[in-house]
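What follows is a short report on a single structure.
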Amino acid sequence: MTDRWALAPAEDGGVEIAPLGPDGLPAGPVRREADLAEAVRGRPEVARWVWRSTAEVYPRLLATGVRVERCYDIEDAETLLLGHEGRHGEPRSAAAALARLRGRPVPPDPPQRSAEPGSQSPLFEPQAVHVPLADLVEVYADQQRRHDATAHPERMRLLTAAESAGMLVAAEMNRAGLPWSAEAHRRVLHDLLGERYAGGGEPRRLAELADEVSAAFGRRVRPDLPADVIKAFAQAGIKVRSTRRWEIESLDHPAVKPLVEYKKLYRIWVAHGWSWLQDWVRDGRFRPEFLAGGTVTGRWVTNGGGGLQIPKVIRRAVVADPGWRLVVADADQMEPRVLAAISRDPGLMEVAGRETDLYQSVSDRAFSGDRDQAKIAVLGAVYGQTSGDGLKNLAALRRRFPKAVAYVDDAARAGEEGRLVRTWLGRTCPPAAGATEDAAEEAGIPVPVPEDDPAEGSGPQEWGRGYASTNARARGRFARNFVVQGSAADWTLLLLAALRRTCAGMAAELVFFQHDEVIVHCPEEEAETVVAAIREAAELAGRLTFGETPVRFPFTTAVVECYADAK
DNA sequence: AGTTTCGGCGCC
DNA sequence: AAAGGGCGCCGAAACT
């Protein structure tokens with residue numbers, strides 16, 4: 001942290017740079033240099049580069065083989081700080097932040113550009129407003145002061161630093177791409193779907209299933225049209241509201257089996273079929289455009305190609321280069337472990353202090369060894385289930401782990417009432433639009449909650465007052481989940497940052513990240529080092545994020561040549 | 001004709 | 001009878 005420099009690409013292709021002092025303001029004159037990459041390459045002693053946007057700068061550095069250890073993304077920090085300040089809707093660009101600082105009219109943010117298949121310049125933002133370096137550092141210095149004004153300044157600094165690190169990881173993963181065997185992919189498609197027919201219509205297997213569905217109904221039915229299917233069932237004397245699988249599956253009708261099979265395969269065909277392969281795989285790599293912090297909870301998203309929704313069967317196509325391996329690592333029961341860490345519930349921390357199956361331990365304590373019940377109860381608590389077995393079991397969970405359940409209940413209540421809710425590090429959940437109006441309306445127009453159920457009598461009132469609108473309760477569920485899912489995202493950022501540092505000295509590359517799962521592509525001889533690095537990174541991230549707690553964050557790891565073999 | 005929303009389902 | 005949070009993507013349907 002001792003040696004920070006600010007950097008701003010100039011509009012003519014050059015770059016402005018300046019060393020920064022402890023206050024975040026320039027410690028020397030702003031210099032102009034002709035070449036962005038050379039300016040960075042020539043200063044390996046710089047510990048952190050401060051810039052407007054990682055997505056603007058870092059792909060250009062990577063393109064010339066230059067990596068940096070750390071950065072600080074001003075616009076990302078602006079987003080997080082505005083959120084913490086309860087100002088979610090305000091423009092987050094550096095230009096807007098500067099305008100606020102100077103008391104000038106605040107420009108709206110430029111529109112987001114969406115990805116195109118095969119794009120070679122991911123996340124390039126040509127429409128961004130240029131801010132000269134001298135102005136940019138003013139915004140930065142102001143942000144440093146705003147960190148101090150947050151509820152937990154140290155955590156907030158960790159959050160902005162961690163998310164900036166995540167943006168470096170994302171840019172590097174975008175460049176590396178996920179190793180993808182088009183041949184293996186085509187093999188899977190052919191096995192599942194059969195031959196393709198000329199003209200781009202349905203492949204053989206789908207056509208056959210469509211015929212079976214039609215035969216079962218006694219007339220031509222297109223199984224990909226919900227309205228047609230609903231009508232066909234109605235004519236057969238069966239009323240269905242939708243054609244969702246869970247609703248169709250239990251029906252007693254000969255069309256059900258081929259219909260369900262059709263929907264499964266149709267999904268593969270349209271979302272990950274031959275045209276997807278054509279659009280998204282180039283030179284043996286699939287490049288989903290990873291976007292760190294793309295959601296309000298801090299989870300990442302990908303832009304293009306459905307990178308975080310690769311169906312299990314299609315993972316057969318993710319194949320390491322010859323002589324290389326994929327280290328596939330999956331965090332075990334991440335969300336309940338995170339809940340233990342943020343709630344500091346003694347019982348849950350003790351359970352989460354073991355590396356063994358957490359749901360089994362919970363069930364031994366509270367559910368007479370019934371693991372499935374325990375899992376449903378825990379997930380119900382985290383997701384805000386309002387009925388069914390999950391709610392019934394919530395009572396048992398609350399008796400054994402009162403602080404943990406109270407933590408998410410409190411978050412839910414805060415969400416209902418339109419108050420701010422934060423992750424452990426300080427990412428803040430935006431109050432939903434209309435929250436204030438709803439709160440006022442609820443005060444005047446009571447809406448009874450559904451009938452009593454067993455969970456209500458056994459602990460504190462889950463929904464606070466006995467009145468809440470549907471909207472308010474939805475906000476409650478959102479907020480309840482936010483504190484867990486978001487704090488988990490906090491932790492994974494620290495994990496990725498630590499793992500990235502280890503990989504920096506090796507040939508190994510991070511190539512995929514999906515919420516609680518990471519894939520490293522590395523030479524076979526590095527694989528065991530990577531496995532150890534993941535375990536160490538997980539524990540380090542746990543300590544850095546949540547402080548000293550007994551909670552452990554074990555991973556299931558597999559060293560494989562093919563992703564599909566990891567589970 | 002082009003854009004937005006819906007229904008459904010993939011992943012966590 | 002409905003029923004748990006977060007996403008993205010596709011084609012069809014609904015709209016301007």
Side-chain angles (χ1 to χ4, degrees), chain A residues 114-115 117 200 202 222-230 239-249 259-260 262-273 275-276 279-280 288-291 293-315 330-335 338-339 375-394 408 411-412 415 421 423 427 429-430 432 450-451 453 462 470 473-489 492 512-518 563 567:
Chain A
S114 63
E202 291 182 324
R222 281 192 51 187
D224 58 322
L225 301 185
D228 202 14
V229 172
I230 290 173
K239 297 236 183 305
V240 287
R241 288 184 58 257
S242 72
T243 65
R244 288 188 174 86
R245 202 175 62 221
W246 60 264
E247 190 167 351
I248 296 291
E249 238 161 9
L259 182 58
V260 168
Y262 179 95
K263 289 161 83 74
K264 187 178 133 200
L265 294 179
Y266 176 80
R267 166 77 192 175
I268 299 289
W269 177 53
V270 298
H272 285 91
S275 55
W276 180 94
D279 287 344
W280 293 105
E289 202 170 290
F290 285 95
L291 196 60
T295 73
V296 287
T297 63
R299 275 192 174 187
W300 293 24
V301 294
T302 56
N303 192 348
L308 300 184
Q309 295 98 237
I310 305 168
K312 293 247 163 69
V313 285
I314 299 297
R315 296 177 181 187
D330 208 307
D332 301 330
Q333 308 98 35
M334 175 179 69
E335 292 188 340
V338 166
L339 176 57
K375 185 171 178 177
I376 289 169
V378 169
L379 294 180
V382 170
Y383 290 154
Q385 187 163 29
T386 55
S387 65
D389 286 354
L391 195 56
K392 191 174 62 200
N393 294 335
L394 189 58
V408 287
V421 171
T423 67
R427 186 189 307 273
C429 176
E451 285 305 295
D453 55 61
E462 188 187 359
T470 305
R473 280 186 291 167
R475 287 198 307 273
R477 286 193 297 274
F478 182 14
R480 171 189 294 270
N481 181 249
F482 177 88
V483 293
V484 179
Q485 189 185 112
S487 298
T492 57
F512 190 69
F513 170 60
Q514 181 175 245
H515 314 315
D516 64 349
E517 180 178 8
V518 60
Y563 188 16
K567 287 179 184 171

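Each chain gets a letter, A, B and so on, in the order its sequence line appears, and its residues count up from 1. It should be emphasised that the depicted structure is a prediction, and the values quoted were computed from it without experimental measurement.
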Angle class for the A/H272/A/W276 ring planes (parallel below 30°, perpendicular above 60°, tilted otherwise)? tilted
On a heavy-atom basis, which atom in A/I248 and which in A/S242 lie closest, and how many Å separate them? CD1-O, 4.0 Å
Could you state the atom-to-atom distance from CD of A/E247 to P of C/dA3 in whole Å? 11 Å
Of the nucleotides C/dC9, C/dA12, C/dG6, which one has an atom closest to the side chain of A/T297? C/dG6
For atom CD of A/Q309 and atom P of B/dG10, their distance in whole Å: 11 Å
Using a cut-off of 4.0 Å on non-hydrogen atoms, how would the nucleic acid contact of A/G305 be classed: base, sugar-phosphate, or nothing? sugar-phosphate
Pair A/E202, A/Y262: side-chain N/O donor-acceptor within cut-off below 3.5 Å: yes
Which part of the nucleic acid does A/I268 contact within heavy-atom distance under 4.0 Å: base, sugar-phosphate only, or nothing? nothing
Rounded distance in Å - NZ (A/K239) to C1' (C/dA2): 20 Å
Looking at A/R299 and B/dC12, is any side-chain donor or acceptor paired with a base atom of the opposite kind under 3.5 Å? yes
In whole angstrom, give the distance that lies between atom CZ of A/F512 and atom C1' of B/dC12. 10 Å
Can you figure out which of B/dC12, C/dG5, C/dC9 approaches the side chain of A/R315 most closely? B/dC12
Nucleotide C/dA12, atom P - distance to CG of A/D224 in whole Å: 6 Å
Are any of A/R241's side-chain N or O atoms less than 4.0 Å away from OP1 or OP2 of C/dA1? no
Picking from B/dG8, C/dG6, C/dA12, the nucleotide nearest the side-chain atoms of A/T295 would be C/dG6
Roughly how far, to the nearest 0.5 Å, is the OG1 atom of A/T302 from the CG atom of A/L308? 4.0 Å
So what does A/Q485 touch, heavy atoms closer than 4.0 Å: a base, only the sugar-phosphate, or nothing? base
Should A/R245 be listed as having a side-chain N or O under 4.0 Å from OP1 or OP2 of B/dG10? yes
Are A/T243 and B/dG8 close enough that a side-chain N or O sits under 4.0 Å from OP1 or OP2? yes
Would you say B/dG8 has OP1 or OP2 under 4.0 Å from some side-chain N or O of A/K263? no
Quick one: label A/V484 by what it contacts on the DNA or RNA (base, sugar-phosphate, nothing), any heavy atom closer than 4.0 Å. nothing
A/D228 (side chain) donor-acceptor with A/R222 (main chain) under 3.5 angstrom: yes
Counting only side-chain nitrogens and oxygens, does A/S242 get under 4.0 Å of the OP1 or OP2 atom of B/dG8? yes
Please determine, for the side chain of A/K312, which listed nucleotide (B/dC12, C/dG5, C/dC7) has the closest atom? B/dC12
With a 4.0 Å cut-off on heavy atoms, is A/Y266 in touch with a base, just the backbone sugar-phosphate, or nothing at all? sugar-phosphate
Just the rounded figure in Å: distance from P of C/dG5 to CZ of A/R473. 12 Å
Tell me: CZ of A/R244 to C1' of B/dG10, nearest whole Å? 14 Å
Rounded interatomic separation in angstrom, taking CD from A/E335 and P from C/dG6: 12 Å
